[in-house]
Amino acid sequence: MPLISVLAKMEMRGISLDTDILKDLSLRAGEELEVLSDEIYRLSGENFNINSPKQLGEILFEKLKLPGGSKTKTGYSTSSNVLEPLKDHYRIVSLVLDYREINKLKTTYLDVLPGLIDTFTGKLHTSFNQMITSTGRLSSSNPNLQNIPVRTEFGKLIRKAFKPSSEENILFATDYSQIELRILAHYSDSERLIKAFQDGRDIHSETARDIFELPSDAVIDSSMRRIAKTVNFGILYGISDFGLSRNLGIDRKEAKKYIESYFFKFPGVKDYIDRVILEARKNGYVTTISGRKRHLNRISDRNMNIRKGEERIAVNAPIQGSAADIIKLAMIQIDREIDDRKLKTGMVLQVHDELIFDIFPGEFDTVCRIVKTHMEKACKLGVPLIVEFKKGIDWYHMESFQVL
DNA sequence: GCGATCAGCAA
DNA sequence: CATCGTGCTGATCGC
């Protein structure tokens, strides 16, 4: 199972980066930061280092006496969780959050990536690490190309700099649709989950109907869907009611209610969780679909925090780890077929449930077929594995399309 | 110069 | 009684 050579090829191939785009964005970011910091200093009545949580906390919660201060032993927390609820009432908080976002993007991506371009190849070469994560996922470093921004509009602009290796080439991205929830459906054999996937339903809206006890034709508004999505996310990532309450900004009781009504509606999932925890206690480990083990030596620890933590891992590891196994299998097979057919197209990135290719002229249709086939057939589950496709002239301008 | 701490990005 | 998914990176701060 030689994935290593696939990764080596991806690393050596690298990806093209248009530094002019990043320089321009960095300039714009710098100007914006200037404006924001001036206004923050004016409202504070003094200059200080906005990047220092210590100084920022003292300004906000001592000098300006904003509510809700104090948090940790070292001082005030100024995390976005704390600041977010204050931003509609205090302009300075809103400015700080804007400042944080832009500064993060500037210092982590805009100003760093250009310096990492290899002087010989002219490309960006990440390292894909196989021996780091506890779940079997890959990690990426120097630079990490698995966390390039996508959620905010300004952040997403960074993706304009990621381009195919020539003007004639096309960037091609595929991703598994809800692979982890499909794996959960597979393992839990949950009737509702399986049915929803077989019918091609929107799984988060479906979950919303279930946890809010609404009829099957009920219209789901965005806030209900958001909650359901976070609940699904929480189940997969092995989060606790505490974690869920924090993510949703609700109290713990409320979060617990959502989780309980989820389990009431998806008893198969509850059974899966109980089963996998028992298995972990019996064997001291859990396994993924291809047999990778995650050892859980403290699953029966007398310290409840440790025990609960291990139990969350026991639930999550087979799901996240199996997803990692499946995409790795697909990568090996795709690479082999591209090689056999002597195509020039190459895989350039893997982002957990997503693969990015640099497609050469004339190879587009062939590569689409190859990738679709191997990704969808990498593993047979109790539900279909669905892959979604996008293409574009850069990583920003990506348009969905169908492959038949 | 190093490590601890805080913060925030992604799937 | 307070704690709370991972991995990667950058900035600050104290030693």
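Chain letters run A, B, ... following the sequence lines, proteins first and then strands; every chain starts at 1. Note: hydrogens, waters and symmetry copies are ignored here, and every other heavy atom, side chains too, is used. Being a predicted model, the structure only gives us computed values, none of them experimental.
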Which nucleotide sits closest to the side chain of [X]: [options]?
X	options	result
A/Q320	C/dA11, C/dT12, C/dG5	C/dG5
A/K54	C/dG14, B/dC9, C/dG5	C/dG14
A/N49	B/dC9, C/dT3, C/dT12	C/dT12
A/R151	C/dG5, B/dA10, B/dG8	B/dA10
A/F242	B/dA7, B/dA10, C/dT3	C/dT3
A/V150	C/dT12, B/dA11, C/dG10	B/dA11
A/T78	C/dG14, C/dC4, B/dA7	B/dA7

Positions of residues 126-147 of chain A (non-hydrogen atom under 4.0 Å from DNA chain C), listed by number: A/N129, A/I132, A/T133, A/S134, A/S139, A/S140, A/S141, A/N142, A/N144, A/N147

Within residues 303-316 of chain A, find the residues that approach DNA chain C with a heavy atom at under 4.0 Å, and present them sorted by residue number.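 Output list: A/N305, A/R312.
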
Using a cut-off of 4.0 Å on non-hydrogen atoms, how would the nucleic acid contact of [X] be classed: base, sugar-phosphate, or nothing?
X	value
A/L105	nothing
A/Q55	sugar-phosphate
A/D241	nothing

Let's go through A/T107 and A/D111 carefully: what are the C-alpha distance in whole Å and the side-chain angles of both, what is the deciding distance for side-chain hydrogen bond (donor to acceptor under 3.5 Å, both in side chains) to 0.1 Å, and is it a yes or a no? CA-CA 6 Å; A/T107 57; A/D111 294 344; over 6 Å; no

Any [X] side-chain nitrogen or oxygen under 4.0 Å from OP1 or OP2 of [N]:
X	N	result
A/Q350	B/dA11	no
A/S80	B/dG8	yes
A/R246	C/dG5	yes

In whole angstrom, give me the gap between the P atoms of B/dA7 and C/dC4. 13 Å

How far apart are the C-alpha atoms of A/Y258 and A/F263, what are their side-chain angles, what is the distance that settles it, and do they pass the ring pair (Phe, Tyr, Trp, His ring centres under 6.0 Å) test? CA-CA 9 Å; A/Y258 286 141; A/F263 287 148; over 10 Å; no

Atom-pair distance (NZ on A/K104; C1' on C/dC8), nearest Å: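 After rounding, the gap between these two atoms is 9 Å.
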
Report the secondary structure of DNA chain C in dot-bracket form, marking unpaired bases with a dot and bases paired to a different strand with |, and treating Watson-Crick or G-U pairs with both distances under 3.5 Å as paired. .....||||||||||

Salt bridge A/E311-A/R281, side-chain N to carboxylate O under 4.0 Å: yes

